[in-house]
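Reviewing the structure listed below.
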Amino acid sequence: MNAKKLQKQYFQNPNVIFLAKDLLGKVIFTNKHGEITAGIITETEAYFGIEDRASHAYGGLQTARTAAMYQPGGIAYIYLCYGIHHLLNIVASDYDDPKSILIRSVQPYKGISVIEQRRNKPLSDPSISSGPGSVSKALGIDLSFNKKSLAGDEIWIEDLGMKYNLNEIVSAPRIGVAYAKEHALLSLRFYVKESQYVTHPLKPV
DNA sequence: CTAGCGATATTCT
DNA sequence: GAATATCGCTAGG
């Protein structure tokens, strides 16, 4: 178990499907006001950019909100959803290629008591960090993390040597993107089969 | 267990 | 005005 922080080059891969799968088992750390919390990634979704009807950057749309996705990979894109929930995305690929990966669920790994306080739930309740809004709240992520480097000292990702076998990873359609028409059915969501920390378990495709 | 609904920023019509 | 990459609470079977 040789812990190492993932560097920019890792994220600048344009293959978001590979990244979405490879990120399962990696660990996200945050350091907020000196409180360090971390979670093992158990569920992700890939968003493949300007051709993806479900992406905020569909058609090359650029706004103040989506600007982060047009930066080179390796930074965080934090999006305020429904005006309430912060969603954590990992920007992939290169400059002007707005691909990203949404972190949907994690398994608490470090700073458990801090996470329990932030969520006001016991660790025994899997919903403590299942679902993109919950992940952000558990890890203390808010808009101040937007565009932050993922190789910095406020938010970063480590490879602790944990790896899931392909037969432990399930792919399924993305959630909450029915408006995306033909792209709504693509199996771009990936999660760990036996993990309790996933959003409403759907049937594998 | 499932269904309904409120909260509410950004973006588009 | 309407929709959205959601959550958590409430009511009911």
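Each chain gets a letter, A, B and so on, in the order the sequences are listed, and its residues count up from 1.
Between A:Leu80 atom CG and C:dT6 atom C1' there is a gap of 11 Å when expressed in whole angstrom units. Rounded to whole angstrom, the span from the NE2 atom of A:His56 across to the C1' atom of C:dT4 amounts to 7 Å. Atom-to-atom, CG of A:Leu102 to P of C:dC7 comes out at 10 Å; the value is rounded to the nearest Å. Rounded to a whole Å, the CD1 atom of A:Ile175 is 13 Å from the C1' atom of C:dC7. Between the CD atom of A:Gln62 and the C1' atom of B:dT10 there is a distance of 16 Å, given to the nearest Å. The CG-P distance, from A:Leu61 to C:dT4, rounds to 16 Å in whole Å. A:Asp125 has its CG atom 13 Å from the C1' atom of C:dC7, to the nearest Å. We find that CD1 of A:Ile84 is positioned 13 Å from P of B:dT10, with the value rounded to whole Å.
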*asked:* Is there a side-chain contact (heavy atoms from CB on, under 4.5 Å) between A:Glu194 and A:Glu168? Walk through the geometry before answering.
replied: CA-CA 7 Å; A:Glu194 73 270 25; A:Glu168 294 177 286; 3.1 Å; yes

*Under the side chain to side chain donor-acceptor pair (under 3.5 Å) criterion, do A:Tyr10 and A:Asp22 qualify, and how do the steps go?*
CA-CA 10 Å; A:Tyr10 173 82; A:Asp22 199 63; 2.6 Å; yes

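Under the 30°/60° scheme for interplanar angles, the aromatic rings of A:Phe29 and A:Trp156 are found to lie parallel.
Within 6.0 Å of NZ in A:Lys163 there are 12 or fewer heavy atoms belonging to other residues, nucleotides or ligands.
If you check every strand for non-hydrogen atoms under 4.0 Å, A:Arg119 touches sugar and phosphate atoms only.
For A:Thr63, taking side-chain heavy atoms from C-beta onward, the closest of the listed nucleotides C:dG8, C:dT6, B:dC12 is B:dC12.
Comparing A:Tyr79 and A:Ser127 against DNA chain C, the residue whose closest nucleotide sits nearer the 5' end is A:Tyr79. Nearer the 5' end of DNA chain B, as judged by each residue's closest nucleotide, is the contact made by A:Tyr82, out of A:Tyr82 and A:Ala64.
Taking atom C1' on both nucleotides, C:dG8 is separated from B:dT10 by 22 Å, rounded to a whole Å.
Base pairing analysis places B:dT8 opposite nothing; no Watson-Crick or G-U wobble pair with both distances below 3.5 Å involves it.
For the 3.5 Å distance criterion, the side chains of A:Tyr47 and A:Asn89 fail to qualify, holding no donor opposite an acceptor.
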